[in-house]
Amino acid sequence: MSVYILGVESSCDDTSAAVINGTSILSNVIASQKVHAEYGGVVPELASRAHQQNIIPVIDTALKRAKIHKNQLSAIAYTNGPGLLGSLLVGSSFAKAMAYSLGLPLIEVDHLQAHVLANFLEKNGEKKDKPAFPFLCLTVSGGHTLLLKVNDYFDMETLGRTIDDAAGEAFDKAAKILGLPYPGGPVIDKLAKEGDPKRFRFSIAHLPGLDYSFSGLKTSFLYFVRDNLKGNPNFIEENKADLAASMQYAIVKSLGNKVEKALQQTDCRDLVIAGGVSANSGLRNAMQELADKYHRRLFVPTIDLTTDNAAMIAVCGYFKYLKHDFSTIYAAPYSAARAKLQD
Ligand code: KG4
Ligand code: ZN
């Protein structure tokens with residue numbers, strides 16, 4: 001029997017709804033909020049207002065594109081956290097009301113688990129290889145940097161995490177320093193392709209264990225650019241691509257160092273990357289090199305499934321549906337990452 005899950009995502013600045021059949025995507029509609037660009041970052045109050053405007057048309061479009069009537073749905077899965085509370089409240093309230101009115105099971109989903117499980121989604125009826133448990137997953141987004149040992153769908157051990165900024169933040173802040181628009185990651189990635197990654201050297205943190213730190217790197221980038229601007233007001237314009245490439249190189253090197261250490265220390269058979277920063281071409285190449293060196297298979301989601309989307313929420317919901325792991329309308333959204341990504 002077909003299992004149709006409607007996924008709803010509203011944790012940050014993307015309003016998204018998706019319908020999947022098992023692990024296969026039928027629709028995945030994403031309304032990105034342009035309103036934040038002029039502020040150089042997400043403004044929480046504007047984000048919740050935009051979610052309120054977007055949520056009904058986005059869900060309506062997702063059902064229409066999937067050619068599924070709401071009465072055919074098996075369950076509704078929604079992001080319960082971590083994220084901006086005002087944003088989460090819009091999606092979660094809507095999902096709860098819709099499930100309640102249709103008499104459908106409700107499934108709460110952790111956004112970070114969903115990023116990982118995006119690697120199990122299939123498109124256009126294709127059958128693809130899936131990562132085998134236990135696998136190592138580098139989860140890198142605008143708000144989080146986690147190195148996980150994924151023992152099962154809902155048993156994710158944190159091996160390392162950032163002690164300050166997330167990798168995505170480092171990209172976004174570097175872009176801001178260079179006067180580039182938000183979100184900065186994709187712009188830096190594009191510029192870096194034309195630049196020399198070894199032109200400027202930015203020192204990366206060497207923390208013991210598998211934890212990360214990006215705040216020192218961000219500060220050294222800021223001071224370097226500021227000092228050079230004193231001698232040459234056109235320094236950024238004249239060196240933009242090299243600056244982007246060198247900063248990307250430092251972030252990727254920092255991420256790669258700990259992944260390599262984790263590959264040496266664990267018995268993980270596959271290497272997986274997830275989250276918005278996993279769209280980065282430099283990171284993808286570096287992970288492929290590591291996978292080849294250690295004879296592991298590398299899994300990366302397609303670009304549209306790396307950044308925030310509701311298909312990943314729906315697939316996480318699907319695996320919970322199979323376990324009958326349902327929630328109630330009383331589940332409260334949470335803003336910070338849970339200490340353990342385990343149920
Ligand atoms: O997963 P995501 O969409 O949202 C969060 O859950 O945070 O990640 C957004 C982050 C932003 O920091 C954005 O700059 C970064 O992912 N990002 C990238 C690329 N595409 C998105 N960073 C580097 N290279 C990219 N191609
Ligand atoms: Zn995310």
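Order of appearance sets the numbers: ligands from 1, and atoms from 1 within every ligand.
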A.B. asks: Which protein heavy atom lies closest to atom 24 (N) of ligand 1, and at what distance to 0.1 Å?
C.D. replies: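 Protein heavy atom at minimum distance: Asn280 ND2, 3.0 Å.
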A.B. asks: Is there a nitrogen or oxygen of Gly275 sitting under 3.5 Å from a nitrogen or oxygen of ligand 1?
C.D. replies: no
A.B. asks: Considering only heavy atoms of Gly143, which atoms of ligand 1 have at least one such atom less than 4.0 Å away?
C.D. replies: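 Matching atoms, with element in brackets: 7 (O).
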A.B. asks: Which bit of His144 gets closer than 4.0 Å to ligand 1, counting heavy atoms only: side chain, backbone, both or neither?
C.D. replies: neither
A.B. asks: Are any of the N/O atoms on Phe171, whether in the backbone or the side chain, positioned under 3.5 angstrom from an N/O atom of ligand 1?
C.D. replies: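 No, no N or O pair falls under 3.5 Å.
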A.B. asks: Mark up the atoms of ligand 1 that fall under 4.0 Å of a heavy atom belonging to His115, in ascending order.
C.D. replies: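 Near His115, the atoms of ligand 1 are 1 (O), 6 (O).
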A.B. asks: Are a donor atom and an acceptor atom from the side chains of Glu122 and Thr23 found within less than 3.5 Å of each other?
C.D. replies: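 Yes, because at least one side-chain N or O of Glu122 sits under 3.5 Å from a partner of the opposite role on Thr23.
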A.B. asks: Can you tell which part of Thr307 has a heavy atom less than 4.0 Å from ligand 1: side chain, backbone, both or neither?
C.D. replies: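 It is both parts that get close, each with some atom under 4.0 Å.
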A.B. asks: Starting from atom 17 (N) of ligand 1, which protein heavy atom do you reach first, and at what distance in Å?
C.D. replies: Gly276 O, 3.5 Å
A.B. asks: Among all protein non-hydrogen atoms, which one is nearest to atom 11 (C) of ligand 1, and what is the separation to 0.1 Å?
C.D. replies: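 Looking at atom 11 (C) of ligand 1, the protein heavy atom closest to it is Asp172 OD2, 3.6 Å.
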A.B. asks: Quick test of your reading of the structure: of Ala118, Ala274, Gly185, Ala279, whose heavy atom lies closest to atom 22 (N) of ligand 1?
C.D. replies: Gly185
A.B. asks: Hey, is Lys34 close enough to Asp13 for a salt bridge, meaning N to O under 4.0 Å?
C.D. replies: no
A.B. asks: Decide yes or no for Ile329 and Leu106: does some side-chain heavy atom of the first lie under 4.5 Å from some side-chain heavy atom of the second?
C.D. replies: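 Answer yes - side chains close enough.
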A.B. asks: Hey, is Asp172 close enough to Lys176 for a salt bridge, meaning N to O under 4.0 Å?
C.D. replies: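 Looking at Asp172 and Lys176, the cut-off is not met.
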A.B. asks: Nearest heavy atom to atom 6 (O) of ligand 1 wins, so pick from Glu9, Arg284, His111.
C.D. replies: His111
A.B. asks: Among Gly142, Ser32, Pro82, Gly41, whose heavy atom sits nearest atom 10 (C) of ligand 1?
C.D. replies: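 Looking at heavy atoms only, Gly142 sits closest to atom 10 (C) of ligand 1.
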A.B. asks: Step through the shown structure and confirm whether more than 12 heavy atoms of other residues, nucleotides or ligands are within 6.0 Å of OH on Tyr100.
C.D. replies: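 No, the 6.0 Å shell around OH holds no more than 12 heavy atoms from other groups.
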A.B. asks: Taking the side chain as every heavy atom from C-beta outward, state whether Val109 and Asn80 have any atom pair closer than 4.5 Å.
C.D. replies: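 No, their side chains stay 4.5 Å or more apart.
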A.B. asks: How close does the nearest protein non-hydrogen atom get to atom 26 (N) of ligand 1, and which residue and atom is it?
C.D. replies: Asp189 OD2, 2.9 Å
A.B. asks: Counting from 1, what ligand 1 atoms have a heavy atom of Gly168 closer than 4.0 Å?
C.D. replies: 12 (O)
A.B. asks: Under 4.0 Å between a side-chain nitrogen and a carboxylate oxygen: does that hold for Arg161 and Asp211?
C.D. replies: no
A.B. asks: Just to the nearest 10 degrees, tell me the angle at the Zn ion (ligand 2) spanned by His115 NE2 and His111 NE2.
C.D. replies: 100°
A.B. asks: Looking only at distances, can you tell me whether any N or O atom of Glu169, backbone or side chain, sits closer than 3.5 Å to an N or O atom of ligand 1?
C.D. replies: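 Between Glu169 and ligand 1, no N or O pair is found under 3.5 Å apart.
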A.B. asks: How would you list, by chain and number, every residue that makes a ring pair (Phe, Tyr, Trp, His ring centres under 6.0 Å) with His69, sequence neighbours excluded?
C.D. replies: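 Per chain and number, His69 pairs via ring pair (Phe, Tyr, Trp, His ring centres under 6.0 Å) with no residue.
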A.B. asks: Looking at every non-hydrogen atom in both residues, tell me the closest pair between Ser11 and Ser87 and how far apart they are.
C.D. replies: O-CB, 3.8 Å
A.B. asks: Name whichever N, O or S atom of Asp308 ends up nearest to the Zn ion (ligand 2).
C.D. replies: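 Result for Asp308 and the Zn ion (ligand 2): OD1.
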A.B. asks: State, to 0.1 Å, how close Leu191 and Ala244 come at their nearest heavy-atom pair, and which atoms those are.
C.D. replies: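 Heavy-atom minimum between the residues: CB-CB, 3.7 Å.
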A.B. asks: Distance to the ring centre below 6.0 angstrom and angle to the axis at most 45 degrees; does that hold for Lys320 and Phe154?
C.D. replies: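 Satisfied, under 6.0 Å and within 45°.
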A.B. asks: Give the atoms of ligand 1, by number and element, whose distance to some non-hydrogen atom of Ser141 is under 4.0 Å.
C.D. replies: 1 (O), 5 (C), 6 (O), 7 (O), 8 (O)
A.B. asks: Just heavy atoms, cut-off under 4.0 Å: does Gln248 contact ligand 1 by side chain, backbone, both, or neither?
C.D. replies: neither
A.B. asks: So does Glu289 pair up with Lys293, basic N to acidic O under 4.0 Å?
C.D. replies: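 Lys293 and Glu289: not salt-bridged.
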A.B. asks: Check whether any N or O atom of Asp14, backbone or side chain, sits under 3.5 Å from an N or O atom of ligand 1, and answer yes or no.
C.D. replies: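 Between Asp14 and ligand 1 (N or O atoms, distance only) the closest approach is not under 3.5 Å.
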A.B. asks: Does Asn257 reach the side chain of Ile204, with side-chain heavy atoms less than 4.5 Å apart?
C.D. replies: yes
A.B. asks: Considering heavy atoms of the protein only, find what lies nearest to atom 2 (P) of ligand 1 and give residue, atom and distance to 0.1 Å.
C.D. replies: Asp308 OD1, 3.3 Å
